[in-house]
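Proteins get letters first, then strands, A, B, ... in listed order; numbering begins at 1 in each.
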Protein chains: 2
Amino acid sequence: MRPTVHDIAAAAGVSLATVDRVLNQRPGVRLVTREKVETAIREIGYIRDVAAANLAKGRVYPLVFIVPTGDNSFMHGLRSEVHHATLRASIERTDIRIVEVPPFDVPALVSALDALLGQDIAGVALVATDAPEVRAAVGRLVSERIPVVTLVSDLTDSARHHYAGIDNIAAGRTAARLLGRFLGGREGEITVLAGSMLVRDHRERLQGFSDVMAEEFPKLRLLPVLEGRDDPELAGSLVSRALAQSRDIIGIYNLGAGNRGLITALKAVRPERELTVVVHELTQHTRAALVDGTIDAVLNQDAGHEVRSAIRVMKATADGQAVIADQERIRLDIFLKDNLP
Amino acid sequence: MRPTVHDIAAAAGVSLATVDRVLNQRPGVRLVTREKVETAIREIGYIRDVAAANLAKGRVYPLVFIVPTGDNSFMHGLRSEVHHATLRASIERTDIRIVEVPPFDVPALVSALDALLGQDIAGVALVATDAPEVRAAVGRLVSERIPVVTLVSDLTDSARHHYAGIDNIAAGRTAARLLGRFLGGREGEITVLAGSMLVRDHRERLQGFSDVMAEEFPKLRLLPVLEGRDDPELAGSLVSRALAQSRDIIGIYNLGAGNRGLITALKAVRPERELTVVVHELTQHTRAALVDGTIDAVLNQDAGHEVRSAIRVMKATADGQAVIADQERIRLDIFLKDNLP
DNA sequence: AAATTTTTGATTTACGTACATCAGAAATGG
DNA sequence: CCATTTCTGATGTACGTAAATCAAAAATTT
C-alpha cells in the first residue's frame, strides 16, 4: 500500500499534527523537527493523495477565461469549448467564469485582467494580444501568485506560467512546405491572408511561412500580406481583389480566421483559376471546402484540447503540482480530405 | 454546493442506508422504494463523487497490458510508455502488469488472454492480432465483465469495449494523397512495404492507400506489397532488391515498422535515385531521416496518448462511467520536417 | 392473528487528508 | 531557577462515500 501521513509520523517519530504542520507549511515546527519529517517523507516516498486532500479541503478552483468576441468560427468554437468545460464543473471542482473582450483591443484586455487583481481566483486563461501593457498586467497577476495561462496566442517575454497552444512558427513552416510541394516546382505568386499583425500567433505563422518559402521554394513569389482582421467579409473582398489584380497567383495561405469569406471568393473564380490553398482552423466551412476540393489542406489546433489542457495546468499550478509535459503539448493537426475526424 | 447522498435521502424520504443500497445495487430494496430514490437522484441531479467513493472503497485498478515483443522502435516505445504509466500507478490507483507475447503469434496471444480469466482484473489492453481465436478469447473476457481495450491494432467484429488507436484506413488514404501530391503528376511505380497482413492495422492502411491511389493518381502504379514482418533487416533487403529490379520506382510507402532497414537501403541508392518516401511512426531514426531529406513525411500515432487513453477508458468502463469521447479519439499525426516536436 | 420473511432505518467505522483546539513539553530569556 | 515563549502531542471533526451491523417496521405467508 501507498504510504500515508501516519506512516510518516511513525517513521519520523513525531505526531500526526506535526507532520501536518510540515506538509502544509504551517508555523510552529522547529527546524530540526521539520528536517526529520522531510527526510522521512523522502525516504518512504510519500505522495500526498490529492483526491483525499481536495475532499478534506472542499477545494474548488475558481477559474477565469478571457476570450475575444468576434463571430469567426474559431473563436465561436473556443467559447463553446469553454462553455462545455463549465458543464463538467462540479465533477472537476472548477468554477469557470467567461469574460469576453473585443478582439485586438489592448486596453480592454488589460482592464479585464486588472479587474481580477485581489479576487480569489485559482487561475486565469487568456487569448493574449501581444503588447507591453498586456505583459505588465499579466505580470501583476503572476506576482499575486495567480496562475496565468495563455491560450491560442502567446505573450512575448511574459511571466505567464504556461502556453496552451500550438507552435505557430512550425505551423507557418508546415503550411509553406505543403503549399510548395503540392505546387511541385511550378512558378508563380502566393498571396497570404492574415488577421492582424498585433497577435503573436499570426506574426509567427507568417514568419515561419516566409522563411521556408525563401529557403526552399524560390520560384514562388510572396505578395504583400492582406490583413483581414479575422472578418469573413473583409477577408473575402481582399482576396477577390487580389485575384483580379494578378493572374499569376497560384497559391493562397490564410493564416488567420475569416475562411468563410475566403471560400466564397474562391468559389467565384473556381473553374477558371487553378489554386492550391492552405488554411487554418477546421470548421464546418473549411471542412466542406476540403471535401469539395476548394481547399487542399487545413492546419488545425484543437480548441477542446487547449481548453482542457489549460484547466489541468491551472489546477496543477495552483496546487504546486507537476504536469505531464508531454500530455500538455498541443499538437498541430494537418487535415487533408482523407483524415477528417 | 453539489448534492450529496444525504440530499437524496432527504428528497426521497428514505434513509442513507437505502440510498446506498440503490446506488450500489445492493439487494433488499422494494421496487417502489428504489424508483422513488432513482427519481430523486435524477431530479436533484446527483452525481457520485468518484474521488470520495474511490477513497472509501480503497479502490485500485489492476490492469494488464499485453504487448508484442520485437525490437522495432515503435513497440519499444509502446512498452516504454506502459512502463512510464506504472510509475504513476500510486497516484492513479492503478496496478499495471505488462505481459509480453511474440508478435503475430495467435496461440500465444490467446493463451495470454485466457490466463487472465478468473483473475481479479479491472481491465485488459492488448495489441490485437486479427484472428477468430483472438476474437473468441476477447469474448470470453468480456462475458466475465472484464473491460477490454484494443491498442494500436483493432480486432474485427469483436466485443472489445474500445479501440485506442488511429483510423488506419484514413492513415493509408492520407499517405497516398501526400505521396501523390508530392509527386505532382509524375508517372512511375510505387512500392509498398508492410509488416504482416495478419494485423488489421496494416491491412487497413494498405486498403486506404490503394483506394486513393486508384481513384486519384492513375499515373502511379502500385507494385506487389513487400512483407517485412516489422523486421529492420528483412525490410531493408526487400527494398534494396525492389529498387534494383525496377528503375521506375519513384515512391515508397512503409506502412509497417522496420524503418531502420528501409532508411539504410535508401541511403545506399541515395544521390542517383530520386524517391519520395512516406512512412509510419516517428522514432529517432525516422526523425533523423526526415530532417536530412531521406524521408518526406512521417505518419505517427502517439503511443503515450494511446496508453494513457486506454487506462482512462479501462478505469471508466470498470466503474460504468462515461468518457469524453472527443478526448479519447487518437489522432493521426502528420510530420514534415518543419513540425517535428 | 401469529409467524415468518423481506425491507428499511439508525448508527458506526473507515478511507486519507485538513484544520482547529488545548494541554503539556521543551527551549529560551532574564 | 523561574517565567515566558515556542514547539509538539493528543484528540476530534469534517469532507462524501462505502460497507457492515442490528434493530425495527412492514409486507408476506400460513
So which one's nearest nucleotide on DNA chain C is more toward 5', B:T18 or A:N54? B:T18
Please tell me which of B:R21 and A:H6 maps to the more 5' nucleotide of DNA chain C, matching each residue to the nucleotide holding its nearest heavy atom. B:R21
May I ask you to decide whether B:E92 forms a salt bridge with B:K315, counting only side-chain N to carboxylate O separations under 4.0 Å? no
[X] side chain: which of [options] is closest?
X	options	value
A:L55	D:dA19, D:dT17, C:dG16	C:dG16
B:A17	C:dA10, C:dA14, D:dG9	C:dA10
A:A53	C:dA18, C:dG16, D:dT17	C:dA18

I want to confirm an ordering. Mapping A:V19 and B:V5 to their closest nucleotides on DNA chain D, which one lands closer to the 5' end? A:V19
Both A:S15 and B:T4 contact DNA chain D. Which one's nearest nucleotide lies toward the 5' end? A:S15
At less than 4.0 Å, is any side-chain N or O atom of B:R30 found next to OP1 or OP2 of C:dT6? Yes or no. no
According to a strict under-4.0 Å criterion, is B:R48 in side-chain N/O contact with OP1 or OP2 of D:dA18? yes
Should the pair B:R48 and B:Y46 be classed as cation-pi, given the thresholds of under 6.0 Å to the six-membered ring centre and 45° from the axis? no
Using atom CG of A:D20 as one end and atom P of C:dT21 as the other, report the distance to the nearest whole Å. 14 Å
What contact category does A:N24 fall into here, base, sugar-phosphate, or nothing, at under 4.0 angstrom with non-hydrogen atoms? sugar-phosphate
